[in-house]
Amino acid sequence: MSRPVEKQEWFQVAAAFEASGLTQKEFSAQRGLRLSTLQSWVYRRRRQHARKVQQVRLLPVEVSTVAQASPALLEVVLTIGARLRFPAGADVDYVARLVTALGR
């Protein structure tokens, strides 16, 4: 195998390692790469991926009282006017990802 030269090629190698199910030592030996080089690029890829995932945009919230007794719901009103209702105990991380995706 020819050695990767460009940053994007190294990120592809790091992604291939992540998907391989092998240890870093096994993968680097199989591909003829230095273990320390593979470790460095896997670290860089994970760090870059973590930055992309952790970007969260906060939205303004208006708190109001419930006019009538109803089953406990979580309601989110988007700036475009859409209302999203979730059952009590809904996964807050899921709700946040959904609101972020719809806000784009």
Side-chain angles (χ1 to χ4, degrees):
M1 165 185 176
S2 64
R3 298 209 184 268
V5 179
E6 301 290 328
K7 181 178 181 178
Q8 190 58 36
E9 290 177 288
W10 278 110
F11 273 22
Q12 290 171 350
V13 170
F17 160 71
E18 298 277 9
S20 73
L22 299 173
T23 64
Q24 290 179 345
K25 189 174 184 177
E26 292 168 338
F27 186 86
S28 60
Q30 195 176 74
R31 297 279 182 112
L33 303 170
R34 291 183 62 206
L35 176 59
S36 61
T37 302
L38 175 66
Q39 289 171 331
S40 173
W41 284 102
V42 168
Y43 172 77
R44 291 177 197 186
R45 180 179 178 274
R46 287 178 180 170
R47 192 176 66 207
Q48 182 183 28
H49 186 299
R51 272 186 270 172
K52 288 181 182 176
V53 172
Q54 293 177 0
Q55 294 176 352
V56 176
R57 192 175 96 232
L58 299 177
L59 302 172
V61 178
E62 182 180 320
V63 179
S64 63
T65 59
V66 177
Q68 56 185 328
S70 63
L73 291 175
L74 169 63
E75 182 176 79
V76 177
V77 180
L78 301 177
T79 56
I80 60 173
R83 290 181 187 272
L84 305 174
R85 292 189 178 110
F86 301 91
D91 181 358
V92 178
D93 290 330
Y94 168 75
V95 173
R97 287 192 311 272
L98 181 61
V99 168
T100 299
L102 291 173
R104 291 183 186 164

Inset, instruction - Go through the steps to decide whether Trp10 and Leu38 satisfy the test side chain to side chain contact (heavy atoms under 4.5 Å, CB included), and finish with yes or no. - result: CA-CA 8 Å; Trp10 278 110; Leu38 175 66; 5.7 Å; no

Legend entry - Nearest-0.5 Å distance, CD of residue Gln12 to CH2 of residue Trp41: 11.5 Å

Legend entry - Student check: side-chain heavy atoms of Gln30 and Leu22 closer than 4.5 Å: yes

Legend entry - Non-hydrogen atoms of Ala14 and Arg45 that approach each other most closely: CB-CD, 3.6 Å

Inset, instruction - Kindly indicate whether the side chain of Lys7, heavy atoms from C-beta on, has any atom under 4.5 Å from the side chain of Phe11. - result: yes

Inset, instruction - Tell me whether Tyr43 is reachable from Leu35 by hopping between hydrophobic residues (I, L, V, M, F, W, Y) whose side-chain heavy atoms are closer than 4.5 Å. - result: no

Inset, instruction - Using the six-membered ring wherever Trp is involved, compare the ring planes of Phe17 and Phe27 and label them parallel, tilted or perpendicular (cut-offs 30° and 60°). - result: perpendicular

Inset, instruction - For residues Arg31 and Ala16, report the shortest heavy-atom separation together with the two atoms involved. - result: NH2-CB, 3.8 Å

Legend entry - Check: Leu59 and Val61 side chains under 4.5 Å, non-hydrogen atoms: no

Legend entry - Pairs flagged by side chain to side chain donor-acceptor pair (under 3.5 Å) wherever residues 15-24 is involved - sequence neighbours left out: Glu18-Arg46, Thr23-Glu26, Gln24-Gln39

Distance-only criterion, 3.5 Å: show the donor-acceptor pairs between side-chain atoms of residues 85-99 and protein atoms not counting sequence neighbours.
{"from": "Arg85", "atom 1": "NE", "to": "Glu75", "atom 2": "OE2", "distance (Å)": "2.6"}
{"from": "Arg85", "atom 1": "NH2", "to": "Glu75", "atom 2": "OE2", "distance (Å)": "2.9"}
{"from": "Asp91", "atom 1": "OD1", "to": "Asp93", "atom 2": "N", "distance (Å)": "3.0"}

Inset, instruction - Indicate yes or no: at least one non-hydrogen side-chain atom of Val42 is less than 4.5 angstrom from one of Val13. - result: no

